[in-house]
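What follows is a short report on a single structure.
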Amino acid sequence: MQFFQQNRPLNTQNVADALQKYNLKKTAVQKALDSLADNGKIAFKEYGKQKIYIARQDQFEIPNSEELNQMKEENAKLQEQINEQKRGVSELEGEIRTLQSNLTLEDMRAKLGKLKVEIDEMENKLAKLRGGVTLVKPEERKAIEDLYINAISHWRKRKRMFKDIWDTITENLPKDLKEFKEELGLEYDEDCDLNLQSFCDLMPQSKKRGRGQ
């Protein structure tokens, strides 16, 4: 019982909680405690309506100072042994993690096979390029260039339309234009790190227009 194992004061609820796994009700625990107290097995003190029970201290052997010092020394030795075991466990766990992070022979073979396949694919592509093989058909290239040119053209037109409308609205506006733009939530291309001319420079040479056009 906790009285003798822990030697500390307990009330009925403490004991009932400790014996909960035995399905003992609090009333049964109370009767058992009162019976032990009546038979002199345990002692109790009353604090208002509550009883506090404690093991009788005269049944315990109280160690003298020499015995206490010896117990402290033994406790220190045991603690050191525990610390050594913890260090040993930590080292073993480190070794296990290191071993687990290393590839097994089977894993290395599988990875080597995968790398060989990738190298063969790259060498085939390189051989085609060296042999002058056209990887993109002329008609596919032209279709992509036309789409790109069309997108740039729409971008340029919308940029010009916005500038014309913005200049008309703000021509006689007394407000600060930067603050007005922020109020409207407008963003220029430059605010998004975009530049029309840099995309125009990517167009085919024959399709390029001069700056500002």
Side-chain angles (χ1 to χ4, degrees), residues 1-122 176 178-194:
M1 185 177 282
Q2 286 190 334
F3 292 111
F4 309 108
Q5 293 174 348
Q6 300 180 7
N7 192 21
R8 67 182 181 88
L10 299 169
N11 59 27
T12 306
Q13 188 62 55
N14 297 145
V15 179
D17 292 340
L19 300 176
Q20 189 175 13
K21 61 182 179 180
Y22 298 108
N23 296 321
L24 294 175
K25 297 183 183 265
K26 186 177 179 182
T27 52
V29 173
Q30 181 70 64
K31 289 180 180 179
L33 291 173
D34 289 338
S35 176
L36 288 171
D38 292 340
N39 293 327
K41 301 292 185 181
I42 60 174
F44 73 91
K45 289 186 178 181
E46 292 187 90
Y47 295 91
K49 294 182 179 180
Q50 189 177 45
K51 291 182 179 180
I52 301 298
Y53 300 89
I54 190 169
R56 290 181 53 181
Q57 301 301 299
D58 55 6
Q59 63 182 312
F60 297 108
E61 293 183 7
I62 301 175
N64 55 36
S65 59
E66 184 179 348
E67 290 173 334
L68 283 173
N69 291 332
Q70 186 177 355
M71 292 170 64
K72 287 180 181 178
E73 290 177 3
E74 291 177 355
N75 183 61
K77 290 178 182 179
L78 290 172
Q79 187 61 49
E80 181 58 30
Q81 290 177 10
I82 292 173
N83 292 335
E84 289 180 3
Q85 290 180 353
K86 285 183 178 179
R87 287 191 289 268
V89 170
S90 180
E91 291 175 0
L92 287 174
E93 289 176 344
E95 292 179 7
I96 292 172
R97 285 193 294 270
T98 301
L99 291 172
Q100 288 176 338
S101 64
N102 293 332
L103 293 175
T104 63
L105 181 59
E106 185 179 349
D107 292 335
M108 287 189 283
R109 285 174 177 169
K111 191 169 185 178
L112 180 61
K114 185 178 179 182
L115 290 173
K116 284 182 177 179
V117 172
E118 291 178 358
I119 291 172
D120 290 340
E121 292 176 351
M122 291 179 185
D176 181 87
K178 184 177 180 181
E179 292 181 359
F180 185 50
K181 179 171 77 77
E182 291 178 353
E183 288 179 9
L184 297 176
L186 298 176
E187 289 183 337
Y188 293 158
D189 294 341
E190 293 74 13
D191 296 330
C192 302
D193 294 327
L194 295 174

Pairing residues for F180 by the ring pair (Phe, Tyr, Trp, His ring centres under 6.0 Å) criterion, not counting sequence neighbours: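 Listed in chain order: W166.
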
CE/M71: more than 12 non-hydrogen atoms of other groups inside 6.0 Å: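 Atom CE in M71 is not packed in, count stays at 12 or less.
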
How would you list, by chain and number, every residue that makes a salt bridge (Lys or Arg N to Asp or Glu O under 4.0 Å) with [X], sequence neighbours excluded?
| X | value |
| --- | --- |
| K111 | none |
| D17 | none |
| D191 | K181 |
| E183 | K175 |

Listed once per pair and sorted, the side chain to side chain donor-acceptor pair (under 3.5 Å) pairs that draw on residues 21-31, sequence neighbours left out: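 Non-adjacent pairs meeting side chain to side chain donor-acceptor pair (under 3.5 Å): T12-Q30, Q13-K26, Q30-D34, Q30-Y53.
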
Sequence neighbours excluded, which residues qualify as side-chain contact (heavy atoms from CB on, under 4.5 Å) partners of [X]?
| X | value |
| --- | --- |
| E66 | N64 |
| D107 | L103, T104 |
| N39 | S35, K41 |
| Q20 | none |

In residues 78-97, what donor-acceptor pairs under 3.5 Å come from side-chain atoms, sequence neighbours left out?
unit_1	atom_1	unit_2	atom_2	d
E80	OE2	R87	NH2	3.2
N83	ND2	Q79	O	3.3

Rounded at 0.5 Å granularity, tell me how far [atom1] in [X] sits from [atom2] in [Y].
| X | Y | atom1 | atom2 | value |
| --- | --- | --- | --- | --- |
| K72 | E67 | NZ | CD | 13.0 Å |
| N75 | K77 | CG | NZ | 11.5 Å |
| N14 | I52 | CG | CD1 | 7.5 Å |

Minimum-distance pair of heavy atoms, taken over all atoms of I54 and I42: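 Heavy-atom minimum between the residues: O-CB, 3.6 Å.
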
Non-neighbouring partners of D176 that pass side-chain hydrogen bond (donor to acceptor under 3.5 Å, both in side chains), sequence neighbours left out: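 D176 satisfies side-chain hydrogen bond (donor to acceptor under 3.5 Å, both in side chains) with no residue once adjacent residues are dropped.
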
